[in-house]
Amino acid sequence: MKPVIFGLSGATLTPDERAFFADSQPAGYILFRRNIVDRAQLRALTDDLRALHGRSDLLIMIDQEGGRVARMQAPVWPVFPAGAAFDRLYDIAPASAIAAARANARAIALTLAEVGITVDALPLLDVRQDGASDIMGDRTLGAEPMRVAALGRSTLEGLADGGVVGIVKHMPGHGRALVDSHLELPVVRAEAQALASDLQPFERLRDAPMGMTAHVVYTAWDAERPASLSRTVIEQIIRTAIGFDGLLMSDDLDMKALQGSIPDLAAGVVAAGCDLALNCWGRMDDMVGIADRLPEITAAGRSRLDRAMASVERGGDQPDLAELLATRDMLLGLVAA
């Protein structure tokens, strides 16, 4: 198995993709809007991927946060709110905000599980900071670390309740970035003492099954390399200071924050200590290059992957989706009451 998550080019596997994926055996896949038509098509695609690998627990992930980050969209699927909605409710009713976040996440999970998606890139544990880039903005769960941790915990639990594995992101914290890492490399110059508050939500959720790194330079820890490529940040901050021992993947290698060829970057993040490299765009030349450059997944990485995928139970009785959405909406309605 290669320590990489690949994207797909379209709504079905091409013959070239089928042959390449069967040969390279990536750890998993990520889906985007280009891969999605409707429920029947999406379920057929995920079933095809599982059959190709003979793995019922195959990592098939998506970014379904809610708000402006939603790959599965209306009118086929429900509209889900961004994280800021739960932050606003927390101001007036913390217990209700936690319950609403859990119901919302479980509803998301039910829509994903129905179509065979097993992993969601949620929750964000980035602590929002004044003056930072709006790339996080309303996606975050707030500006107070313990609030972010509480809402993040309820989100992880809601996803697990619905049979989907969550990913805490973006380790060790993207909330201070002044620029969008999709477009350029953020450099955070805060002192280590200030950065300690950014770590707190991740410390509280150190037992999360999966985590994703940030393409951000933190000069207090490593002034030369972004976290995704920094063995110092991964070993000393993520694995040791935070204490995270779950499956660690990079953020998308195609983001403009990183410089270099995609195969070189994949090799770099794995060498730095990421268990998996994330390559989203389904370009065959890049994927072939990655497969050629990467070693087999480490024993520790495979163990973390298996443990993460076994961390939730799938199937069994589930509440009605409409009931979960009604509960969430009733609780969120307290803000306007």
Side-chain angles (χ1 to χ4, degrees), residues 65 83 121-133 135-137 139-153 155-156 166-182 184-253 255 257-258 265 268-278 301 304 308:
E65 296 177 7
L122 193 69
L124 282 75
L125 300 186
D126 307 295
V127 179
R128 189 173 64 247
Q129 301 285 340
D130 290 339
S133 167
I135 187 57
M136 295 297 118
R139 297 167 61 195
T140 71
L141 293 167
E144 197 284 309
M146 292 304 97
R147 177 183 301 200
V148 172
L151 292 171
R153 172 72 68 187
T155 299
L156 269 184
I167 303 172
V168 295
K169 61 184 189 182
H170 303 81
M171 303 179 84
H174 207 301
R176 295 179 187 271
L178 300 180
V179 297
D180 180 355
S181 56
H182 293 87
E184 57 184 300
L185 177 63
V187 178
V188 170
R189 304 187 186 280
E191 298 295 328
Q193 184 175 0
L195 292 172
S197 65
D198 298 15
L199 301 185
Q200 289 177 358
F202 296 104
E203 291 168 353
R204 291 297 180 98
L205 274 69
R206 68 184 66 183
D207 57 344
M210 294 185 180
M212 179 184 290
T213 61
H215 295 333
V216 176
V217 169
Y218 306 88
T219 60
W221 297 323
D222 186 337
E224 302 299 324
R225 290 167 291 274
S228 303
L229 289 162
S230 172
R231 179 166 289 277
T232 298
V233 173
I234 291 173
E235 289 187 351
Q236 296 183 14
I237 305 303
I238 295 175
R239 293 299 191 193
T240 301
I242 290 173
F244 177 72
D245 191 39
L247 181 84
L248 186 66
M249 67 182 71
S250 73
D251 205 343
D252 178 21
L253 299 176
M255 292 164 63
L258 303 184
L265 291 172
V269 299
V270 170
C274 291
D275 295 309
L276 302 178
L278 178 60
R304 291 181 182 122

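The two residues Trp221 and Ala192 make their nearest non-hydrogen contact at NE1-CB, 4.2 Å. In terms of heavy-atom proximity, Ala149 sits nearest to Pro201 at CB-CA, 3.9 Å. For Gly211 against Met171, the heavy-atom pair with the smallest separation is CA-SD, 3.9 Å. In terms of heavy atoms, Ala227 sits closest to Ala214 at CB-O, 3.3 Å. Met249 and Cys274 get closest at one heavy-atom pair: C-SG, 4.3 Å. Minimum interatomic distance between Pro186 and Ala177 (heavy atoms only, all atoms of both residues): CB-CB, 3.6 Å.
Between His170 and His174, the two ring planes are perpendicular [angle over 60°; tilted spans 30° to 60°].
Ion pairing between a basic and an acidic side chain is recognised when a charged N comes within 4.0 Å of a carboxylate O; Arg239 and Asp275 show such pairing.
Contact annotation: the side chain of Arg147 never approaches that of Leu141 to less than 4.5 Å [non-hydrogen atoms, C-beta and beyond]. Between Ile237 and Tyr218 there is no side-chain heavy-atom pair separated by less than 4.5 Å. Side-chain atoms of Val179 and Val187, non-hydrogen and from C-beta on, never get closer than 4.5 Å to each other. Using a 4.5 Å cut-off on side-chain heavy atoms (C-beta onward), Pro226 and Leu258 make contact. Using a 4.5 Å heavy-atom threshold, the side chains of Met136 and Gln129 count as separate. At a threshold of 4.5 Å between non-hydrogen side-chain atoms, the residues Val148 and Thr140 do not count as touching. Contact annotation: the side chain of Asp252 never approaches that of Met212 to less than 4.5 Å [non-hydrogen atoms, C-beta and beyond]. At least one side-chain heavy atom of Leu156 sits under 4.5 Å from a side-chain heavy atom of Pro123.
Note: Leu195 CG to Gln200 CD = 11.5 Å, rounded to the nearest 0.5 Å. Once rounded to the nearest 0.5 Å, the distance linking CG of Leu247 with CD1 of Ile167 reads 8.0 Å. For the atom pair OG1 (Thr232) and CG (Leu229), the distance works out to 12.0 Å, reported to the nearest 0.5 Å. Taken to the nearest 0.5 Å, the OG atom of Ser250 stands 5.5 Å off from the NE2 atom of His215. Note that CD of Gln236 is 11.0 Å distant from CZ of Arg231, once rounded to the nearest 0.5 Å. One finds the CD1 atom of Ile238 at 9.5 Å from the CG atom of Leu199 (value rounded to the nearest 0.5 Å).
A side-chain donor from one of Ser228 and Thr213 sits under 3.5 Å from a side-chain acceptor of the other.
The neighbour count for Arg153 CZ, taken as heavy atoms of other residues, nucleotides or ligands under 6.0 Å away, is above 12.
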